[in-house]
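Encoded as structure tokens, the structure appears first; notes follow it.
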Amino acid sequence: MKKRQLLTAAVLCAAFLAGGTTALAADNSAIHSGVYVDGIDLSGMTRTEALDALNSYVDEMGEETLTLHIGDNELTPTLSELGLISTNEDEILEEAVQLGKTGNIIRRYKDRKDLEHENKNYQLTWALDGELVTDYVNNQCKKFDQEAVDATLKREGGSFRIVDGQTGIVLDADSSITLITDFIENEWDHTNGSLDLPVETDYPRGTAEELSKVKDVLGTFTTSYSTSGAARCQNIATGTAHINGTVLYPGDTFSAYEAVSPFSEANGYAMAGSYLNGKVVDSLGGGICQVSTTLYNAVLRAELEVTERSNHSMIVTYVEPADDAAIAGTYKDLKFKNTLDAPVYIEGVTSGKQVTFTIYGQETRPSNRTLKFESVTLSTTEPGVQIIADAGQPIGYITRESAHKGVVAELYKHVYVGGKEESVTKVNKSNYKATPRTITVGIAGDPDLSNELQAAIATQDEATVNATLASCVARMQ
């Protein structure tokens, strides 16, 4: 009787287990009841349905916002803008689908029984796209950066007034990227969040005590542009105004090109003559080199350090050879450095077709020390005459461009103490190209007259060309 009972129990157990296995096999395509991910019920879903549900959930979480405080400013990007992703979604989905369906019969039975007593709630892990976070911080958060505005000076009525500086803030971009990323990965509670991004205070330079030292004339220089037309006068006034009022603190370097550019009508410039490839051509800002030249001479007399200077390609008339300083794009610039222990102030004034630059600062040189600058011409080259035939212009047409003598010159600085010469220093050596006086003659018209004119031009003798041209014009009448 006992054996029969045991046999019956064994058969029932086998049948139960077999039935359980059959049920599991039949339910193989669906997730068991009681399986959740971040609180989302996946019970009865197929893998595809569960994947769609999780993707929708990730998209929903991407609409959550993260308020970023940058000083007194704030931005509120969605997490999708920062590239929110789930890093273990596939892994969890695989485990959820297989729960209660893998392992031996006893293991599968136990997993199912556990689900009947307590739900299985998987947790997604979250991360941000590092490239998107970096781009957002650099392109959006950094736009609130405010550089400090240094204290400066205004010269009014012959005296200086101190203008206080302004404190700025600068975002620490690298620390901000790390803070945002760590928050989402380790602290985010799946709701809208808020962070204070790290900023550094940018303090202005200049105190009242420091700026009050600026009161002495260290160097001044004036040039005249009395023969200039209205456009050139406008350009000189514009360039001077762009430089006027500049304060350089100890160690600062000044670039004349950066101060006066861009050369555009919007920036106050007009078309006027300037040097280009050995010729005088009209360009926006023509005449600006007289501004830089005048400033250069004031800087020399203030004895600031000139770090970059170029002479013109051809000689200029408003200063002696080697006294000039050209500006041409970024390849010719006037740069100098404040090597003094106190700030300097640059004043630029135009009046009565004269431009004057004065460098103010704290005078520390002995009162009996004086300077003299001497231009010494080493050699000259006569420019000559060049006569050109222009087949695009009719007989009778003639234009003349002035010549520029070639010069090699040096500038010397003489230092006197108590009236006695103490030192002589060569400041620069300048080489100016000779440019011939150019005469352009039209030769289009009657072939015989044209040939006659070309023969005269071939002699390169101005008197011969003038006589032949007069004869040709007379015969055409």
Any side-chain donor near an acceptor of the partner, T294 and T223, under 3.5 Å: yes
Residue among T222, L295, V299, T220 satisfying side-chain contact (heavy atoms from CB on, under 4.5 Å) with F357: L295
Crowding at CD, E156 (>12 non-hydrogen neighbours, <6.0 Å): yes
Rounded distance (nearest 0.5 Å) linking atom CG of L93 with atom CG of L51: 6.0 Å
Electrostatic pair K335:E308 at N-O distance under 4.0 angstrom: yes
Check: L218 main-chain N/O paired with D216 side-chain donor or acceptor under 3.5 Å: no
Backbone N/O of N121 and side chain of N119: donor-acceptor pair under 3.5 Å: no
Evaluation steps, side chain to side chain donor-acceptor pair (under 3.5 Å), between D333 and S255: CA-CA 7 Å; D333 195 2; S255 163; 2.6 Å; yes
Aromatic plane relationship, F336 with F254 - under 30° parallel, 30 to 60° tilted, over 60° perpendicular: tilted
Donor-acceptor pair, side chain of N244 and main chain of T240, under 3.5 angstrom: no
Other residues, nucleotides, ligands: >12 heavy atoms within 6.0 Å of K337 NZ: no
Parallel, tilted or perpendicular: rings of H414 and Y412 (30°, 60°): tilted
Under 3.5 Å: donor-acceptor pair, side chain of N311, backbone of A322: no
Short side-chain to backbone donor-acceptor contact, N73 and F144, under 3.5 Å: no
Side chain to side chain donor-acceptor pair (under 3.5 Å) evaluation trace for D324 with T293: CA-CA 5 Å; D324 62 320; T293 291; 5.4 Å; no
Donor-acceptor pair between Y225 and N235 side chains, under 3.5 angstrom: no
Distance-only side-chain donor-acceptor flag, E347 / Y345, under 3.5 Å: no
Other residues, nucleotides, ligands: >12 heavy atoms within 6.0 Å of Y203 OH: no
Least distance between heavy atoms, F160 atom then K215 atom: CE1-CA, 4.3 Å
Heavy-atom neighbours of E147 CD exceed 12 at 6.0 Å: no
Flag, side chain of K332 to backbone of A325, donor-acceptor distance under 3.5 Å: no
Rounded distance (nearest 0.5 Å) linking atom OG1 of T339 with atom CG of L248: 10.5 Å
Member of V170, D202, I70 meeting the side-chain contact (heavy atoms from CB on, under 4.5 Å) criterion with D145: V170
Over 12 non-hydrogen atoms of neighbours within 6.0 angstrom of NZ in K413: yes
Considering all heavy atoms, the nearest S226-S224 contact: N-OG, 3.3 Å
Trace of the side-chain contact (heavy atoms from CB on, under 4.5 Å) decision for L284 with E265: CA-CA 8 Å; L284 278 169; E265 291 182 354; 4.0 Å; yes
Audit row: Y57, H190, side-chain contact (heavy atoms from CB on, under 4.5 Å) steps and yes/no: CA-CA 11 Å; Y57 174 62; H190 305 172; 3.4 Å; yes
Backbone of G287 reached by a side-chain donor or acceptor of Q290 within 3.5 Å: no
Heavy-atom donor-acceptor pair, T181 side chain to T178 backbone, under 3.5 Å: no
Lys NZ or Arg CZ of R155 over Y360 ring: under 6.0 Å, within 45°: yes
Check: D252 side chain, N338 main-chain N or O, donor-acceptor pair, under 3.5 Å: no
Minimum heavy-atom distance between L378 and K429, given as atom pair plus value: CD1-CE, 4.0 Å
Heavy atoms from other residues, nucleotides or ligands near CG of D72 exceed 12 (cutoff 6.0 Å): no
From CD (Q123) to OH (Y36), nearest 0.5 Å: 13.5 Å
Q166 atom CD, over 12 foreign heavy atoms within 6.0 Å: no
Test item: side-chain donor near acceptor, D323 and S375, under 3.5 Å: no
Neighbour count above 12 (heavy atom, 6.0 Å) for N55 CG: yes
For the student: nearest non-hydrogen atoms of V260 and N267, plus distance: O-ND2, 3.4 Å
Which atom of L211 lies closest to which atom of A151, heavy atoms considered: CD1-CB, 3.8 Å
Expected output: side-chain D38 to main-chain L124 donor-acceptor under 3.5 Å: yes
Side chain to side chain donor-acceptor pair (under 3.5 Å) between N88 and T125, intermediate numbers included: CA-CA 6 Å; N88 64 338; T125 57; 3.2 Å; yes
CA sep, side-chain torsions, deciding dist, call: S176, K142, side-chain contact (heavy atoms from CB on, under 4.5 Å): CA-CA 10 Å; S176 295; K142 288 286 288 179; over 6 Å; no
Stepwise side-chain contact (heavy atoms from CB on, under 4.5 Å) check, I31 with L99: CA-CA 8 Å; I31 296 173; L99 185 63; over 6 Å; no
Heavy-atom closest pair, residues D172 and E200: OD2-OE2, 3.9 Å
Distance-only donor-acceptor check, side chains T78 and S80, under 3.5 Å: yes
R47 and E94 ion-paired at < 4.0 Å: yes
